[in-house]
Every structure is written in C-alpha cells, then in structure tokens.
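The structure appears below as structure tokens.
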Number of protein chains: 2
Amino acid sequence: MPRAQKAPARRRAPEARPAQILEAALDVFAEKGLADARIDDIAERAGIAKGTIYLYFPTKDDLFRAVIRGTVVAELERAEVARTASPHGLGLESFLTAYWRFICSPTFERVHRFLVADLPNFPDLARFYADEVTLRGHRLVAALVQRGIEQRLYRDVDPSAAARIIMSIFVMHGVLRTKRHNLPHIAALSDEQLFDQMLDFVRAALGASHS
Amino acid sequence: MPRAQKAPARRRAPEARPAQILEAALDVFAEKGLADARIDDIAERAGIAKGTIYLYFPTKDDLFRAVIRGTVVAELERAEVARTASPHGLGLESFLTAYWRFICSPTFERVHRFLVADLPNFPDLARFYADEVTLRGHRLVAALVQRGIEQRLYRDVDPSAAARIIMSIFVMHGVLRTKRHNLPHIAALSDEQLFDQMLDFVRAALGASHS
DNA sequence: ATATAATGACTGACCAGTCAGTAAGTATTG
DNA sequence: CAATACTTACTGACTGGTCAGTCATTATAT
C-alpha cells in the first residue's frame with residue numbers, strides 16, 4: 001500500500017509528453033551515452049515520473065531508437081531545405097555554407113557522439129543512417145561537384161571521391177570545433193575562419209578558376 | 001566457506017599477466033565499449049580468473065586507462081618511426097603513406113571507437129591524447145607542409161590549416177573504410193584506391209607542381 | 001614451512017522495468 | 001450544478017537481475 005502525501009501540481013498533457021520525453025532523452029543520452037544514461041535522469045529532466053516514460057516508450061532501447069530517428073529526420077529535413085533553398089542556384093559553395101551552419105548547431109554536437117559510440121550496437125539503425133543520411137548527402141554533393149565540372153568551374157575530378165573527401169573535412173571539423181578547449185591549434189579560430197580555410201582548400205583542390 | 005573442487009592446471013606467470021590482461025581488455029573494450037565490457041569477459045578471454053585482474057589493476061577504470069595509454073603509446077611510437085624513417089627525405093607524401101598504413105591497421109579501428117565514445121568521460125586522458133597525439137601529429141604535418149612550401153613544391157597555403165584538413169581527411173577515411181559494408185559508394189574501393197584519391201585531392205589543393 | 005599467485009563464490013550497489021495506487025478530468029444522474 | 005461513478009494520465013516504491021569489487025581459501029614455488 002503505497003503512501004501518497006504530497007501532490008505537487010500534477011499536470012496532464014498526453015499530447016505533449018512524447019516530444020517532451022524525447023527532448024530530455026536527447027540531452028541525457030548525448031551527455032552520458034546510452035549505457036550511462038539513467039531513465040530516472042531522463043524523467044527528472046523532463047519533470048515527470050519514471051513510470052510515465054514507460055507509458056509512451058516500451059523500453060530504453062525503443063526510446064533511444066526514437067531519439068535517433070527523430071534527430072536524423074530533423075537532419076534530413078534541414079538537408080532538404082538546403083537543397084531546395086538554392087533551386088538551381090549557387091551550387092556547391094552555398095550548400096556547404098548551409099551544411100556548415102548545421103554542423104555548428106547544437107543538434108550535430110549532441111548527436112555525433114552516440115552516432116559513433118552506440119550506433120554499432122543497433123545494426124538496423126546504422127544501416128538506416130548510412131542509407132538515408134550518409135549516402136544521400138554524398139549523392140547530393142557529388143551531383144553538385146559534377147555540375148560544377150560541367151560548368152567548367154572545376155577541373156575534371158572524380159565527383160564521388162571529391163564529395164566524400166569534402167564531407168570528411170566538414171564532418172571532422174564539426175567534431176574538432178567542439179573540442180577546441182583541448183586543441184590549441186584551433187582554439188583561437190572562429191567557426192567562420194574554419195569555414196573559410198576549408199573552402200579555400202576545397203576550391204584549390206577542385207581547381208576553381210575564380211575565387 | 002567456499003567450495004573448491006576442480007583445479008584445472010593453474011599457472012603462475014606474474015611477469016606475463018599485465019600484458020596478457022591488457023591485450024584481452026583492448027579486445028573486449030573495443031568490441032563492447034567501456035560500459036558494456038564485463039570484467040568477467042576480459043578474464044575469460046585472458047584465460048584467467050576475475051580476481052587475478054584485481055591483483056594487477058585496482059579498478060575497471062584504471063584498467064581502461066592503462067589500455068588507452070598502452071595503445072596511445074604504441075601509436076606515438078609508430079609516428080616516431082614514421083618521422084625518423086624519412087630523415088630529411090620524401091616529406092609529406094611519404095609520411096602520409098606511413099600514416100595511412102597505420103590508420104588501416106587493426107589498432108586504429110579498435111581504438112577509435114572508444115576514443116570518441118568514452119574519452120569524454122576521462123578529461124585527463126582526453127587532454128593527454130589531445131596534447132600528445134592530435135597536437136603532435138598536427139605539428140609534424142604542418143612542418144612538412146611548411147617545408148614543401150619553402151621548397152616551392154606547394155603554393156603558399158596556411159600550413160596549420162592545411163595540416164588540420166589533411167589529417168581530417170585521413171582520419172575520417174579511416175573511419176569510413178571500417179564501415180564499407182554499409183556504404184555502397186566506398187564498398188568497391190580498396191584501401192590503396194582511397195589513398196590515391198586522397199593524395200590526388202591534397203596535391204591539387206596544395207598546388208603541387210608535379211605529380 | 002613460508003611466501004606468493006591465483007581462484008571463484010559472494011556481497012552490495014545500482015537500475016531497467018513493473019504495478020498497485022492516486023489524482024485529474026469527463027460523463028451521468030438527480 | 002452538485003454529487004456520483006467512470007475513465008485516463010500519472011506516480012514512485014518495489015523487484016529481480018546484473019556486475020564491479022572482495023576475500024577466504026587453495027595451488028604453486030622456493
């Protein structure tokens with residue numbers, strides 16, 4: 001027979017709960033990793049009781065999956081926006097600008113860690129991510145490089161290789177920038193400076209004829 | 001009063017134990033990550049009993065630290081070898097060849113995962129790694145680029161930025177190559193082909209005058 | 001004999017997941 | 001427009017399993 005004395009303003013909001021839980025879960029998973037994240041922590045951060053989480057997500061794994069899918073979908077939507085935002089317009093460089101802006105957002109920082117750390121334990125999610133994010137991004141960039149070549153903006157490089165290398169540079173720098181505090185050779189550089197340096201390098205590699 | 005019936009060929013080898021334990025621990029940590037690795041698993045893989053591990057390493061964390069330091073030291077030694085192997089010789093490209101060979105080794109693959117996943121939980125180790133590996137590698141590459149510029153092999157780029165970007169490409173490709181099975185756009189490419197593509201890109205970016 | 005190496009059953013802490021119980025909201029009735 | 005029963009959202013103490021770390025005991029070596 002459980003005691004029940006204090007009733008600290010309990011709220012009912014079944015529509016809002018899932019999003020609320022996912023947000024708290026993203027925070028805690030990103031901070032601690034899947035294994036070290038406690039369901040109690042997530043509940044506390046969401047301002048609800050532990051049991052409530054289990055009304056909406058059957059297990060911790062399912063919650064984790066939902067978080068990944070949620071953030072990945074968000075990432076894809078941004079990519080779509082970036083693609084359609086420049087209809088047949090500015091090409092590779094404007095895409096990279098938008099891409100870098102995304103990489104510098106808190107979402108990227110929070111997602112990246114358990115992308116590397118925990119995704120290998122979820123082969124189906126890893127596959128989903130590879131297909132829907134990595135590969136899609138690669139195809140998009142490769143197409144932009146290809147178009148640049150056709151327009152004689154770039155020399156005749158292998159678009160697929162160039163795309164892969166360019167993405168590598170940007171993603172890795174997205175990781176590095178979050179570790180500035182430990183890395184004296186980056187500490188003083190702003191995100192904009194990093195972007196400019198990367199763009200210079202890429203332009204030169206692609207043999208861009210004009211600045 | 002514990003029972004003790006079977007004595008399956010107990011061996012005494014106090015000198016060999018630490019290395020034996022570290023090797024088993026590296027395997028298990030790499031496979032499962034810090035949190036999911038069981039001391040019992042490590043003991044079993046090493047062919048000894050759990051208690052024996054605690055004769056040599058006071059806690060699981062200490063064991064993990066020892067594994068990191070061990071592998072990082074190994075990595076540094078290879079870098080030293082690579083540096084001294086080309087006295088004032090072939091410069092950047094020969095270093096990158098050796099570096100890529102290291103990146104393609106099993107050690108890199110096993111170490112990288114918990115470098116990203118678990119190191120954030122060990123600020124002192126992260127600092128150590130940043131100083132002794134990342135920064136040292138960066139300085140070395142930057143110096144090689146600098147020398148290339150002085151020798152008029154490369155155009156007048158920012159050596160620090162170029163070094164950082166080159167390292168980014170190589171490290172990221174070290175990660176990608178281990179995920180080939182999920183990535184159709186790399187699956188068919190050999191490590192050598194990846195290296196050639198990266199080198200082409202870098203050469204072009206540095207404005208290398210001859211192939 | 002004595003010292004040292006090794007063992008593995010055990011303990012204590014931790015935590016995912018459960019469920020009996022409580023509060024908030026809604027429908028029904030007089 | 002109560003008082004009532006009924007439904008649904010939520011709670012948090014509890015359970016059962018897992019595992020890091022301990023230590024009394026046993027094996028080997030000298």
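Values below: every heavy atom of this structure, side chains too, minus hydrogens, waters and symmetry copies. Within every chain, numbering begins at 1; the chains are lettered A, B, ... in the order of the sequence lines, protein sequences first and strands thereafter. Predicted, not measured: the structure shown is a model, and the values here were computed from it.
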Heavy-atom contacts under 4.0 Å between residues 46-59 of chain A and DNA chain D, which residues? A/Ile48, A/Ala49, A/Gly51, A/Thr52, A/Leu55, A/Tyr56
Salt bridge (Lys or Arg N to Asp or Glu O under 4.0 Å): pairs with one or both residues in residues 53-72 of chain A, sequence neighbours excluded: A/Arg65-A/Asp124
Does anything in residues 176-192 of chain A pair up under salt bridge (Lys or Arg N to Asp or Glu O under 4.0 Å), and if so which pairs, sequence neighbours excluded? A/Arg177-A/Asp191, A/Arg180-A/Asp191
Between D/dT11 (C1') and A/Arg17 (CZ): distance, integer Å: 11 Å
Taking A/Ala46's backbone N and O only, do any of them form a donor-acceptor pair with A/Gln20's side chain (distance below 3.5 Å, no angle check)? yes
Return the value, rounded to whole Å, for the distance between atom CD of B/Gln20 and atom P of C/dA5. 14 Å
Using atom CZ of A/Phe64 as one end and atom P of C/dA16 as the other, report the distance to the nearest whole Å. 14 Å
Using whole Å, what does the distance between atom P of nucleotide C/dA13 and atom CG of A/Asp40 come to? 18 Å
Kindly state each residue pair satisfying ring-ring contact (aromatic ring centres under 6.0 Å, His included) with at least one member in residues 117-140 of chain B, sequence neighbours excluded. A/His185-B/His138, B/Phe64-B/Phe122
Could you list the residues that satisfy salt bridge (charged side-chain N to carboxylate O under 4.0 Å, His left out) with A/Asp118, not counting sequence neighbours? none
Can you list every salt bridge (Lys or Arg N to Asp or Glu O under 4.0 Å) pair that touches residues 43-59 of chain A, not counting sequence neighbours? A/Asp27-A/Arg45, A/Glu31-A/Arg45, A/Asp40-A/Lys50
For A/Asp36, check salt bridge (charged side-chain N to carboxylate O under 4.0 Å, His left out) against everything at least two apart and list the hits. A/Arg38
Residues touching DNA chain D, which here means a heavy atom under 4.0 Å, drawn from residues 29-39 of chain B: B/Ala37, B/Arg38, B/Ile39
With sequence neighbours excluded, tell me which residues meet salt bridge (charged side-chain N to carboxylate O under 4.0 Å, His left out) with B/Glu132. B/Arg136
Between CG of A/Leu63 and C1' of C/dA16 the distance, given in whole Å, is 12 Å
